[in-house]
Amino acid sequence: MNKKKMSKDQFLLFFLKNRALLLVLIFSILLSIFTNTFLTKGNLMSLARQIAANGIIGVGYTFLLASDSVDLSAGYMMCMVGIVSGLLSQTSLPFIAILLICAVVGIVCSSFNAMIENKFNLPPFLVTLAMQQIFKGTLMLLSNGSPIPNLHEGIIFLGQGYLFGVFPASVALMLLFIVIGHFIFARTQFGRNVIAVGGNPEAARVSGIDVKKTRVQVAALLGFTISIMALVSCGRVASAQTTLGGDTVMDIIAAVVIGGTPMGGGSGTVVGTLFGCLVIGLISNGLNLLKVSSYWQMVSKGVIILVAVILDVYSERIYDRMRNKD
């Protein structure tokens, strides 16, 4: 009897650990059956470029959730960095200078969130909820509520350009972030520190890990990925817009959790996040191909987030049950 129960738990655990990959396969098969355009080169290329920006910030958010933290201000921080890139594009600064300034803005803003949390021992949820409004107000002040066109050609290349005329630059950049992020997360001391802090901060502190410093470093990494995502997103639409990333956070959280990083921290997978982004992208792409109303698309995203949280909780219960049996 115990053997049967154990094998059932192992099967469920296998499904939950690989849910993003399995969902990608299922959705791809369904869309190839019910639409005539899903498997066309143009649509697949559009899908890849669509998930590129989310894949970049997804790397930073994987580290953040693995450290048992959250940032609700990321979307409007991204918008603000985008507006900064638009304003800098109106000057004679070279692209590398614009890139560095935007990266510094993102790193400083995100690190500031973590430092406030550490200094006053406040929940990340409350701090970043407040900072969300600050970033939103700041980007409106900087832009007067209007989009900024005429971006630097380097920014437009990141969003629209092709390497060697065949491969989207944004997708290549996303894959680079995924590879580097996976290496840092799985093979470095910093990655191990993040997991330890997310799993048990008190035990991590006793073992010699500077918990507060690690959380600031994770926030800085997130800020860097937010900045690059902002440039890619602005380049894709060839303008810095005030509404470009306001709702991004929920999509990212859903993608990271579906990919296998629990919201309670202590573990994570950057490669899984890539597949999680693919799941979100396939759903949006499929609904567009099926000509489903944008309002229903909003509903579907809410359902996805709810399902992602339920799967996250359910997988933790199975882990606990299997540990207790052992």
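Bear in mind that the values here come from a model prediction, so they are computed numbers and not experimental data.
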I'd like a table of donor-acceptor pairs (distance under 3.5 Å, sequence neighbours excluded) in which one partner is a side-chain atom from residues 78-89, with atom names and distances.
from	atom 1	to	atom 2	distance (Å)
S85	OG	G82	O	2.5
S89	OG	S85	O	2.7
S89	OG	H152	N	3.0

* To do: Would you tell me whether S143 and T242 have side-chain atoms, one donor and one acceptor, within less than 3.5 Å of each other?
  => no
* Asked: With a 3.5 Å cut-off and no angle check, do the side chains of Q189 and N193 form a donor-acceptor pair?
  -> yes
* Asked: Is a side-chain N or O of N285 found less than 3.5 angstrom from the main chain of L47, in a donor-acceptor match?
  -> no
* Ignoring hydrogens and geometry, is there a side-chain-to-backbone donor-acceptor pair from S73 to L129 under 3.5 Å? -> no
* Got a donor-acceptor contact below 3.5 angstrom from the T273 side chain to the V59 backbone? -> no
* To do: Spell out, as yes or no, whether a donor-acceptor pair under 3.5 Å connects the side chain of Q241 to the backbone of C234.
  => no
* Asked: For T225 and L222, what are the C-alpha separation, side-chain angles and deciding distance, and is it a side chain to side chain contact (heavy atoms under 4.5 Å, CB included)?
  -> CA-CA 5 Å; T225 60; L222 175 67; 4.0 Å; yes
* Structure fact -> To the nearest 0.5 Å, atom CD1 of I148 lies from atom CG of L139 at 9.5 Å
* To do: Could you tell me how the ring of F63 sits relative to the ring of F185: parallel (under 30°), tilted (30 to 60°) or perpendicular (over 60°)?
  => perpendicular
* Asked: Counting distance only, does the side-chain N/O of Y61 pair as donor-acceptor with the main-chain N or O of D71 below 3.5 Å?
  -> yes
* How about F112 and I134: do any of their side-chain heavy atoms sit closer than 4.5 Å? -> no
